[in-house]
**Q** 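Got a structure for you, written out below as structure tokens; questions coming shortly.
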Amino acid sequence: MSTGRKRAASSSKEDRPGIKRAVKWTRQFSHAGPRFQPDYKPISGTKPLFRYAGKPLLLERNTEEVAVMYARYLCGKRRTRDIEKTLQQNFFEDWQKYMSSKEKQQIKKFELCDFSGLVKKLQEDKAKPLTKQERAAQKKKREDMMNQYKTVIVDGRRELISNFTVEPPGLYMGRGKNDNIGRVKPRIKPKDITINCDDRHIPKAPGNSKWGAIVHDKSVMWLASWYDPITKGPKYIQLHPSSKIKNDIEEEKFQTVRKLHRKILEVRKHYEKDLKSKKNETEGEYATRQIATAVYLIDNFALRVGNEKPEGATDTVGCCSLRVEHLSLLASKNIRLNFLGKDSIRYEKGHQVSNAVYDNLQDFTRDFDGKKKTKKQLLFDSIKTKHVNDYLYNLMKGQGLTAKVFRTFRATQHFEEKLEEYSKFHELKATKSTPEDDKMKMIVFKKANLAVAQLLNHQTLSKPTTKGKAIKVNEKRIKDAQYKLNNLSKGTDEHRKTTAQLVVLKHELDLKVEQRTYALGTSKTNYIDPQVSAKWCKKYKVDITKVYSKVQLGKFRWALRS
DNA sequence: CGGCAGACTTGGAAGAATTTTG
DNA sequence: CAAAATTCTTCCAAGTCTGCCG
């Protein structure tokens, strides 16, 4: 497959400010290429596990491989979704492409397919306990394999690779109301791969196979790429977040945020001026007013910019793609936004807005000519996200201000404020700590983290029941502690200690309850400036490894070397 | 300009590893 | 010590934004 990718690093790129556009490597980019998925091993012997119309049917190897993909899907704990029908249809349509002509004649209706034998077999294999030796051997084999593929040398520096294996064949599992759900993602082969490496270290393709293409592009940081047959979009083998290049880019991201922080009053003054409508407004001025209003929403409520999506894609929106139906104008300059955002996560919040913004939003429920829009029409009908980013570019020329910077800025700022607020409220000590003090510090950190997750609307759809159980356990402990306390005389050490424990337990419970539907991970790894955490940790004598995991510590090396 | 392809970040869920509990 | 709970890592889908091209 010809990829058509041929861009080499040009000098003009090097001249531009910022790391993103710069050359990523110069002399050496040497790696083993991606690891491929092992070939499929049939799971049914001579006895068929699949049944059609009640009768056992032995599937050919390729046919079984795809059937097993569906069986694997059935094994997982899947939520009942209204998308189930589409999934089955897509799967069956694609599956038939893998069948022999004889099988295609036999297997005509999805409803008559019985995968339960395959499912049972998969579950049995999974449940099979391994001996200690088997487990160790398996681990060793895995490590040996990984050692062969997991690193790349970038200009003399050995770096980790984040995903060195090509994606396995399987069913495409999109989120929300996705039209491609259940389609069969075929196996990726060496001929599908474009390798990016330096010209003296070209990895060898496995066996007798050949790479699809080999490029030496210094302006990008991917090691290998291929096209996803379902989405038609490119997929990449990339560097690990702990790598120097990724670290540099991450540092630059938060530098941009700090620049915005310094200029925020100016920026706000500028767009507030553009919020005002003019007499005999031209179409251009009307568009500017839409841009300013969108920027207001992005700045104030940390919304995503909301790019246009291709026809037929899952119907999710961001700021610029909001439709009239997603907005309610309420009394006292209050508005309510209700829409499906990224990953089909619902955003449903009420906000108070300025007079100018309220008036504008009301205006934008009509088009430029004053004609009332339908519910399905765009609120910001005269602009594209490109215009918003062009506008922002001009507000902070050459300093990398784009819409998503506001989200990071607001997240970090919110975190800093909440950390301070909670630290004061819970009277954290900067000196030596009891175990209860240490626990309170972690609670404060997590509470601030949670506040950011709420701001960014990082909700989880899956609510593991375990979380409910955990809450019960916590409640019981509170009861126990309370009971214990009642039987202790005041003023004793034991009484003091139990009181402190009780306080911690109560706050832990509050946190657990509030945290139930929120995912804190994304805000911690992508939005909160690690320098803020580091400063707080230093102040309150908290070990930074208590708040960041190993991968996060690697990602934030740039901020944490003291 | 506007549209689109490409490259990179951000996102929730699944799965693996580790810690806690009984 | 095993099972359960929790935390961390991996996975890959779904965004953002840039640069190129007509």
Side-chain angles (χ1 to χ4, degrees), chain A residues 3-7 10 12-13 16 18-21 24 72 75-79 126 139 142 162-168 170 172-176 178 180-181 185 194 196 217 219-222 225 227-228 230-236 238-241 245-246 249-250 253 304-310 313-314 316-321 341-345 384-390 392-393 400 402-405 407-408 411 453 456-462 464-470 473-474 477 512 518-527 548-555:
Chain A
T3 62
R5 240 188 262 102
K6 54 201 170 297
R7 249 177 298 128
S10 66
S12 70
K13 265 181 194 168
R16 301 262 182 105
I19 296 166
K20 261 184 276 180
R21 281 178 285 265
K24 306 298 194 315
R72 215 173 279 137
C75 281
K77 48 174 179 206
R78 59 210 192 298
R79 275 159 283 127
K126 208 175 168 190
K139 199 176 168 194
R142 204 176 122 87
S162 78
N163 59 323
F164 48 80
T165 309
V166 295
E167 290 172 17
Y172 183 91
M173 285 295 158
R175 304 166 207 271
N178 187 305
N180 284 323
I181 198 154
K185 272 201 300 181
T194 299
N196 188 30
D217 189 344
S219 73
V220 296
M221 49 182 176
W222 52 262
S225 72
Y227 283 95
D228 185 313
I230 308 292
T231 64
K232 315 287 180 208
K235 287 278 174 80
Y236 305 96
Q238 286 176 306
L239 285 166
H240 197 265
I245 311 174
K246 290 257 189 182
I249 291 172
E250 187 75 359
K253 176 176 99 181
R304 296 185 189 86
V305 69
N307 281 315
E308 240 177 327
K309 298 179 82 180
T314 310
T316 60
V317 303
C319 185
C320 293
S321 43
K342 182 176 179 181
D343 292 314
S344 296
I345 299 293
K384 300 259 156 100
T385 56
K386 181 85 173 3
H387 304 133
V388 171
N389 280 330
D390 287 350
L392 294 174
Y393 179 87
T402 61
K404 83 187 189 48
V405 177
R407 215 166 136 79
T408 321
L456 301 180
N457 201 40
H458 287 149
Q459 290 193 267
T460 37
L461 296 174
S462 70
T465 50
T466 55
K467 283 196 183 170
K469 266 191 216 159
V473 168
N474 208 314
R477 278 193 201 140
K512 265 181 198 161
Y518 286 94
L520 307 200
T522 302
S523 48
K524 197 156 84 163
T525 15
N526 296 305
Y527 286 100
Y548 286 128
S549 72
K550 196 178 144 213
V551 172
Q552 288 164 335
L553 290 170
K555 180 171 181 172

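Lettering of chains follows the sequences in order, A, B, ..., and the numbering in each one begins at 1.
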**Q** For the helix from B:dC1-C:dG22 to B:dG22-C:dC1, measure the angle between the helix axis at one end and the axis at the other, each built from five pairs, rounding to 10°.
**A**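 Its terminal axes enclose an angle near 10°.
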**Q** Nearest to the side chain of A:Tyr527, heavy atoms from C-beta on, is which of B:dG11, B:dA13, B:dA7?
**A**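 The closest nucleotide is B:dG11.
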**Q** Provide a list of protein-nucleic acid N or O atom pairs under 3.5 angstrom, restricted to nucleotides 8-13 of chain C.
**A**
| unit_1 | atom_1 | unit_2 | atom_2 | d |
| --- | --- | --- | --- | --- |
| C:dT9 | OP2 | A:Ser549 | OG | 2.6 |
| C:dA13 | OP1 | A:Lys185 | NZ | 3.1 |
| C:dA13 | OP2 | A:Asp228 | OD2 | 3.4 |
| C:dA13 | OP2 | A:Lys235 | NZ | 2.8 |

**Q** What contact category does A:Thr314 fall into here, base, sugar-phosphate, or nothing, at under 4.0 angstrom with non-hydrogen atoms?
**A**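 The residue A:Thr314 makes no contact with any strand.
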**Q** Please work out if A:Arg72 contacts a base, only the sugar-phosphate, or nothing of the nucleic acid, heavy-atom cut-off 4.0 Å.
**A**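 The answer is nothing, as A:Arg72 stays clear of every strand by at least 4.0 Å.
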**Q** Please work out if A:Ala403 contacts a base, only the sugar-phosphate, or nothing of the nucleic acid, heavy-atom cut-off 4.0 Å.
**A**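 It contacts sugar-phosphate atoms only.
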**Q** By nearest nucleotide on DNA chain B, pick out whichever of A:Lys384 and A:Arg407 is the more 5' one.
**A**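 Closer to the 5' end of DNA chain B: A:Lys384.
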**Q** Under 4.0 angstrom, heavy atoms only, what part of the nucleic acid is A:Asn307 near: base, sugar-phosphate, or nothing?
**A**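 The answer is base, as A:Asn307 lies within the cut-off (heavy atoms under 4.0 Å) of a base atom.
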**Q** What I want to check is whether the side chains of A:Thr316 and A:Lys309 have a donor and an acceptor closer together than 3.5 Å.
**A**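 Yes - a donor-acceptor pair under 3.5 Å links their side chains.
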**Q** If I compare all heavy atoms of A:Arg407 with all of A:Leu456, which pair ends up nearest, and what's the gap?
**A**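 The answer is NH2-O, 3.3 Å.
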**Q** Is a side-chain donor-acceptor pair under 3.5 Å present for A:Asn389 with A:Thr402?
**A**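 The answer is no; no qualifying pair exists.
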**Q** Does A:Lys246 make a side-chain N or O approach to OP1 or OP2 of B:dC8 shorter than 4.0 Å?
**A**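 Negative; the distance criterion is not met.
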**Q** When you get a sec, tell me which of B:dG12, C:dG15, B:dT9 is the closest nucleotide to the side chain of A:Lys404?
**A**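 In terms of side-chain proximity for A:Lys404, the closest of B:dG12, C:dG15, B:dT9 is B:dT9.
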**Q** Remember a base hit wins even if backbone is also touched, and classify A:Gly306 as base, sugar-phosphate or nothing at under 4.0 Å, heavy atoms.
**A**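 A:Gly306: backbone/sugar contact only, no base atoms under 4.0 Å.
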